[in-house]
Amino acid sequence: MKREDLKGIFSALLTSFDEDGNVNEEGTRQIVRHNIDKMKVNGLYVGGSTGENFLLSTEDKKKIFKLVKEEVKDEVKLIAQVGSLNIHEAIELAKYVTELGYDAISAVTPFYYKFSFEEIKDYYNTIANSVDNSLIVYSIPFLTGVNISVEQFGELFKNEKIIGVKFTAADFYLLERLRKAYPEHLIYAGFDEMMLPATSLDVDGAIGSTFNVNGERAREIFELGKKGDIVKALELQNITNDLITDILSNGLYQTLKHILKLQGVEAGYCKKPMAKPTKVQQEKAEEIYKKYLV
Ligand code: MN9
């Protein structure tokens, strides 16, 4: 896979669950189709935070990876997040998705325990070296508590199979340093609300949850930002951030799923411990949809 081919806008794919937390396969396929046909994204990031991956059994993770590939075939690029505190599971999933034909794998930094950087490096090398595929580091310090420095990224990038990072952080000083230090590596902006400033630092793409409903506007921001048309891009980022602020205050994944339902996509429920949206949340989601997305 050429790095060039992995640039662009990737939706962090939502998963549809039924009321008991079982994967709704048909619903998840509909979310995939919506992203490709209506949001016109360049690719999907499967099994990330937005996919509620860390709440799932290995079997369910495999089920989702398989049905997504079946639905997508080669229409858009696919990145599979396989990272897990159970490194055996991560390797098993890395092999599974590579066999299925995923274009790259990604792995969240190991969280919960306070691992040393040497341990984190070993985790990445072990996963990357277990398959004939490229790996993108998933860095999301606000959820994992793990911060990686410019020099430490350099240590990880010594492994030529580790080709980039999904950078879900607001540290734009670090982002600028990384871009300058590693011009050949892929850097994806991970916070949708900061996409425009990230484009000014020359990121290669963006991976985000809100692209499931706001994909077209996101793509425009990205393209305008890359071209340097900041005034127009900022107008769209302002609208986008009004939308994201409302979505975040109403419950991120519940609201995204409810908005999809209003568009006829069987997006289902979130999996426990995430709660079902209340009546008030559903009404608010409908308001948000009508205000920003119709
Ligand atoms: O994949 C997403 N992160 C999480 C990245 O969901 C934890 C982002 O797209 C955010 O959801 C989004 C809203 O803060 O930027």
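Worth knowing before you read on, the calculation uses all heavy atoms, side chains too, and leaves out hydrogens, waters and symmetry mates.
At least one donor-acceptor pair closer than 3.5 Å links the side chain of Gln237 to the backbone N or O of Leu196. When atom types are taken as modelled, the side chain of Tyr182 and the backbone of Val150 share a donor-acceptor pair closer than 3.5 angstrom. Asn212 places a side-chain N or O within donor-acceptor distance of the main-chain N or O of Ala12, the cut-off being under 3.5 Å. For the pair Asn250 (side chain) and Gln281 (backbone), a donor-acceptor distance under 3.5 Å is present. When atom types are taken as modelled, the side chain of Asp171 and the backbone of Tyr173 share a donor-acceptor pair closer than 3.5 angstrom. Between the Asp60 side chain and the Leu56 main chain, no donor and acceptor come within less than 3.5 Å of each other. Between the side chain of Ser16 and the main chain of Ala267, a donor-acceptor pair closer than 3.5 Å is present. Side chain of Lys161 to main chain of Val131: a donor-acceptor pair is present (N/O by atom type, distance under 3.5 Å, no hydrogens or angles). For the pair Asn53 (side chain) and Ser49 (backbone), a donor-acceptor distance under 3.5 Å is absent. Although no hydrogens or angles enter the test, the distance criterion places a donor-acceptor pair under 3.5 Å between the side chain of Tyr124 and the main chain of Ala107.
In this structure the side chain of Glu26 reaches within 4.5 angstrom of the side chain of Asn24, judged on heavy atoms. Residues Ile91 and Ser130 are in side-chain contact: their nearest non-hydrogen atoms beyond the backbone lie under 4.5 Å apart. Ile105 has its side chain out of reach of Ile136: every pair of non-hydrogen atoms, C-beta onward, lies at least 4.5 Å apart. Using a 4.5 Å heavy-atom cutoff, the side chains of Leu55 and Phe17 are not in contact. No side-chain heavy atom of Thr28 sits under 4.5 Å from any side-chain heavy atom of Glu266. Using a 4.5 Å heavy-atom threshold, the side chains of Glu118 and Lys121 count as touching. Two residues are said to be in side-chain contact when any heavy atoms from C-beta on lie closer than 4.5 Å; Phe54 and Val108 meet this criterion. Between Tyr123 and Thr126, every side-chain heavy-atom pair lies at or beyond the 4.5 Å cut-off.
Side-chain contact of Asn125 with Asn129: a donor-acceptor pair under 3.5 Å is absent, judged by distance alone. A donor and an acceptor atom, one from each side chain of Asn214 and Tyr292, are nowhere located under 3.5 Å apart.
Scanning all heavy atoms of the two residues, the minimum distance from Ile162 to Ala128 falls at CG1-CB, 4.1 Å. Of all non-hydrogen atoms in Ala233 and Gly225, the two that sit nearest each other are CB-N, 4.1 Å. Heavy-atom minimum distance, Thr255 versus Ala285: CG2-CB, 3.9 Å. Between Thr245 and Asn241, the shortest heavy-atom contact is OG1-O, 2.6 Å. When all heavy atoms of Ser116 and Glu119 are compared, the closest pair comes out as N-OE1, 2.8 Å. Across Ala94 and Val82, no two heavy atoms sit closer than the pair N-CG1, 3.9 Å.
Taken to the nearest 0.5 Å, the CD1 atom of Ile31 stands 12.5 Å off from the CE atom of Met39. With rounding to the nearest 0.5 angstrom, the CG atom of Asp103 is 8.0 Å from the CG atom of Asp5. Separation of atoms OG1 (Thr50) and CD (Gln81) is listed at 11.0 Å; rounding is to 0.5 Å. Here Lys166 contributes atom NZ and Ile79 contributes atom CD1; the two are 9.5 Å apart, rounded to the nearest 0.5 Å. The distance from atom CD1 of Ile36 to atom CG of Asn42, rounded to the nearest 0.5 Å, is 11.0 Å. Atoms CG and CE, on Leu224 and Met195 in that order, are 11.0 Å from each other to the nearest 0.5 Å.
Put simply, the residue from Phe211, Phe222, Tyr188 that forms a ring-ring contact (aromatic ring centres under 6.0 Å, His included) with Phe10 is Tyr188. For the pairing with Glu75, the salt bridge (Lys or Arg N to Asp or Glu O under 4.0 Å) check across Lys69, Lys40, Arg33 returns one residue only, Arg33. For the pairing with Tyr45, the side-chain hydrogen bond (donor to acceptor under 3.5 Å, both in side chains) check across Ser106, Ser11, Ser209 returns one residue only, Ser106.
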- Task: Assess whether side-chain contact (heavy atoms from CB on, under 4.5 Å) is satisfied between Tyr138 and Thr109, documenting all intermediate values.
- Result: CA-CA 6 Å; Tyr138 178 15; Thr109 52; over 6 Å; no

- Item | Pair Glu193-Thr240, side-chain contact (heavy atoms from CB on, under 4.5 Å): steps then yes or no | CA-CA 7 Å; Glu193 51 277 45; Thr240 290; over 6 Å; no

- Message: Assess the residue pair Phe167 and Leu174 against the criterion (side-chain contact (heavy atoms from CB on, under 4.5 Å)); give the C-alpha distance rounded to whole Å, side-chain angles, the decisive distance to 0.1 Å, and a yes or no.
- Response: CA-CA 10 Å; Phe167 186 91; Leu174 176 60; 3.8 Å; yes

- Task: Report the C-alpha distance between Glu223 and Lys227 in whole Å, list the side-chain angles of each, state the deciding distance to 0.1 Å, and finish with yes or no for salt bridge (charged side-chain N to carboxylate O under 4.0 Å, His left out).
- Result: CA-CA 6 Å; Glu223 285 170 2; Lys227 271 195 297 194; over 6 Å; no

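Using a cut-off of 4.0 Å between Lys/Arg side-chain N and Asp/Glu carboxylate O, Glu52 and Lys271 are scored as not salt-bridged. No salt bridge links Lys291 with Asp242; every basic N to acidic carboxylate O contact stays at or beyond 4.0 Å. Using a 4.0 Å cut-off between charged side-chain N and carboxylate O, Asp132 and Lys95 make no salt bridge. Remark: Glu92 engages Lys62 in a salt bridge, criterion side-chain N to carboxylate O under 4.0 Å. For Glu220 and Arg217, the salt-bridge test fails: no basic side-chain N is under 4.0 Å from an acidic carboxylate O. A salt bridge links Lys61 to Glu89: one of the charged nitrogens lies within less than 4.0 Å of a carboxylate oxygen. Between Arg179 and Asp204 there is a salt bridge, with a side-chain nitrogen of the basic residue lying less than 4.0 Å from a carboxylate oxygen of the acidic one. Salt bridge present: Glu70 and Lys66 bring a charged side-chain N and a carboxylate O closer than 4.0 Å.
For the pair Lys261 and Tyr269, the cation-pi test (distance below 6.0 Å, angle within 45°) is passed.
Note: the hydrophobic cluster containing Leu262 does not contain Val280 (ILVMFWY, side chain heavy atoms under 4.5 Å, direct or indirect links). In the hydrophobic clustering of this structure, Ile221 does not group with Val231; members are Ile, Leu, Val, Met, Phe, Trp, Tyr whose side-chain heavy atoms approach within less than 4.5 Å, directly or through other members.
Taking the six-membered ring wherever Trp is involved, the centroid distance between the rings of Tyr96 and Tyr102 does not fall below 6.0 Å. Outside the 6.0 Å centre-distance limit, the rings of Phe172 and Phe191 are not counted as a close aromatic pair.
The neighbour count for Glu99 CD, taken as heavy atoms of other residues, nucleotides or ligands under 6.0 Å away, does not exceed 12. No more than 12 heavy atoms of other residues, nucleotides or ligands lie within 6.0 Å of NZ in Lys38, so this atom counts as exposed by the packing criterion.
In this structure, the salt bridge (Lys or Arg N to Asp or Glu O under 4.0 Å) partners of Lys290, at least two apart in sequence or on a different chain, are Glu286.
Between Phe153 and Phe157, the two ring planes are tilted [angle within 30° to 60°].
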